[in-house]
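Following: one structure in structure tokens, then a few remarks.
Here the structure is a predicted model, which means the values were calculated and not measured. FYI, side chains are in, hydrogens and waters are out, and symmetry mates aren't considered; it's all heavy atoms of this structure.
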Protein chains: 2
Amino acid sequence: MLKHTLIFGAVAGLLIACLKFIEYRWLVVAHSVEIYGALVAAVFAAVGIWLGLKLTREKVVVKEVQAPAEFIRDDAKVAELGLTPRELEMLVLIALGLSNKEIADKVFVSENTVKTHLARIFDKLGAKRRTQAVERGRALRLIP
Amino acid sequence: MLKHTLIFGAVAGLLIACLKFIEYRWLVVAHSVEIYGALVAAVFAAVGIWLGLKLTREKVVVKEVQAPAEFIRDDAKVAELGLTPRELEMLVLIALGLSNKEIADKVFVSENTVKTHLARIFDKLGAKRRTQAVERGRALRLIP
DNA sequence: ATTCGCGTCACCCGAAAGGATGATTTTGCC
DNA sequence: GGCAAAATCATCCTTTCGGGTGACGCGAAT
């Protein structure tokens with residue numbers, strides 16, 4: 001803002017000087033005052049419009065959008081916790097509400113295997129129950 | 001836009017006429033041209049700025065930002081499912097990963113009461129497990 | 001070649017969760 | 001006061017979960 005004003009002042013001074021110079025060179029004819037005035041008016045009007053545009057170009061309307069907020073896994077935290085891909089997969093499945101048996105059938109392993117995976121997940125996440133593991137998983141952005 | 005331009009022209013003409021009039025009245029002194037030019041410059045600069053403001057007043061930049069996306073419970077669905085306030089409360093507690101015992105202690109009821117509440121929740125949500133109830137609750141926007 | 005991480009599976013046992021059912025109390029409402 | 005919904009608690013029984021432990025195969029890294 002201040003910068004713009006200063007530029008405006010400088011430009012104005014320069015223009016006046018130029019016009020003054022021109023006036024005494026070859027515009028010393030009849031009605032030179034009118035021509036001079038019109039020129040000054042036109043130039044300053046243009047500069048003024050430009051200034052006005054400059055001053056108001058910052059106008060911004062902040063529009064809040066309910067974004068789909070797609071899930072982005074915090075891989076850094078996954079690594080930090082030492083969660084293996086398989087464990088992460090199991091975590092997602094329990095978050096979907098599947099039982100150990102259902103998970104076992106879905107990924108073609110025994111229910112015992114699922115249980116050991118879950119036991120390690122609980123250990124790494126510090127969870128006592130599967131629901132708590134899901135909650136922590138969500139809070140840590142490990143699962144959607 | 002056209003209207004503004006016309007107004008601008010009219011004002012400009014009027015001002016020029018006024019200045020012309022004034023010029024031959026009492027500004028016929030030494031350096032009158034400089035004073036005249038300065039006046040015209042000032043007036044037209046002002047008008048130009050005003051015009052620029054007018055022209056750009058509608059110019060807005062829509063900046064989309066990520067909304068906080070706070071949770072809004074779908075009360076319609078709550079009513080539709082016939083979930084009571086107490087049941088809803090229990091649902092959020094199991095979503096937080098609490099055990100039946102912990103919930104009982106937290107809300108000062110017996111564990112049996114919690115279990116009956118949960119049984120009804122499972123029935124109303126069509127869930128077989130607490131994890132599934134949580135998942136459904138989230139999907140239906142009943143809980144955060 | 002050995003180690004290590006990962007995934008796999010098994011068994012035992014106790015704890016937690018869930019299903020079914022019945023009963024009592026509280027509360028809001030006509 | 002009486003009714004209906006909600007909330008409360010209980011008991012019995014079955015299923016599921018979770019903890020603990022041990023073990024095996026495989027592939028990558030050392």
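- A straight line from NE2 of His117(B) to P of dA20(C) spans 18 Å, rounded to a whole angstrom.
- Atom P of nucleotide dA6(D) and atom CG of Leu81(B) are separated by 13 Å, given to the nearest angstrom.
- In summary, the side chains of Thr116(B) and Thr113(B) do not present any donor paired with an acceptor at a separation below 3.5 Å, with no hydrogens or angles considered.
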Sub-3.5 Å pairs of nitrogen or oxygen atoms, protein against nucleotides 22-26 of chain D:
none

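- Within a 6.0 Å sphere centred on CZ of Phe71(B), other residues, nucleotides and ligands contribute more than 12 heavy atoms.
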Could you go through Arg130(B) and Phe122(B), starting from their C-alpha distance and side-chain angles, then the distance that decides it, and tell me whether this counts as side-chain contact (heavy atoms from CB on, under 4.5 Å)? CA-CA 7 Å; Arg130(B) 52 173 49 214; Phe122(B) 297 157; 3.8 Å; yes

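- We find that CG of Leu118(A) is positioned 12 Å from C1' of dG19(D), with the value rounded to whole Å.
- Contact annotation: Arg130(B) side-chain N/O to dA17(C) OP1/OP2 distance is under 4.0 Å.
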Test salt bridge (Lys or Arg N to Asp or Glu O under 4.0 Å) on Glu80(B) and Lys77(B) and set out the steps. CA-CA 5 Å; Glu80(B) 176 186 331; Lys77(B) 205 144 290 178; 5.4 Å; no

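- Closest approach of Val107(B) and Met90(B) over heavy atoms only: CG2-CE, 4.1 Å.
- Of the candidate nucleotides dT8(D), dG7(C), dG18(D), dG18(D) has the atom lying nearest to any side-chain atom of Phe122(A).
- Atom CG in Leu83(B) sits roughly 13 Å away from atom C1' in dA6(D) (whole-Å rounding).
- Across all their heavy atoms, Gly97(B) and Thr131(A) have their closest contact at CA-OG1, 3.4 Å.
- Taking atom CD1 of Ile94(B) as the reference point, atom C1' of dC17(D) lies 15 Å away to the nearest angstrom.
- Judged purely by atom type and a 3.5 angstrom limit, Arg141(B) uses its side chain to pair as donor or acceptor with the backbone of Ile72(B).
- Near DNA chain D, meaning a heavy atom under 4.0 Å away, the residues from residues 96-115 of chain A are Ser99(A), Asn100(A), Lys115(A).
- One finds no side-chain N or O of Arg129(B) lying less than 4.0 angstrom from the OP1 or OP2 phosphate oxygen of dG18(C).
- Between the Arg136(A) side chain and the Leu125(A) main chain, a donor and an acceptor come within less than 3.5 Å of each other.
- Each of Leu142(B), Leu140(B), Thr84(B), Leu91(B) was checked for a side chain to side chain contact (heavy atoms under 4.5 Å, CB included) with Val78(B), and the lone residue meeting it is Leu142(B).
- Of all heavy-atom pairs spanning Leu98(A) and Arg129(B), the tightest one is C-NE, 3.8 Å.
- Counting only heavy atoms from C-beta on, Pro85(A) has its side chain closest to dG7(C) among dG19(C), dG7(C), dA6(D).
- Remark: P of dT8(C) and CD1 of Ile121(A) are 12 Å apart, rounded to the nearest angstrom.
- For the pair Glu89(B) CD and dA7(D) C1', the interatomic distance rounds to 12 Å; values are reported in whole Å.
- Across all their heavy atoms, Ile121(A) and Ala133(A) have their closest contact at CG2-CB, 4.5 Å.
- Stems are defined here as 3 or more consecutive Watson-Crick or G-U wobble pairs with pairing distances under 3.5 Å; those involving DNA chain C are C:1-30 with D:1-30.
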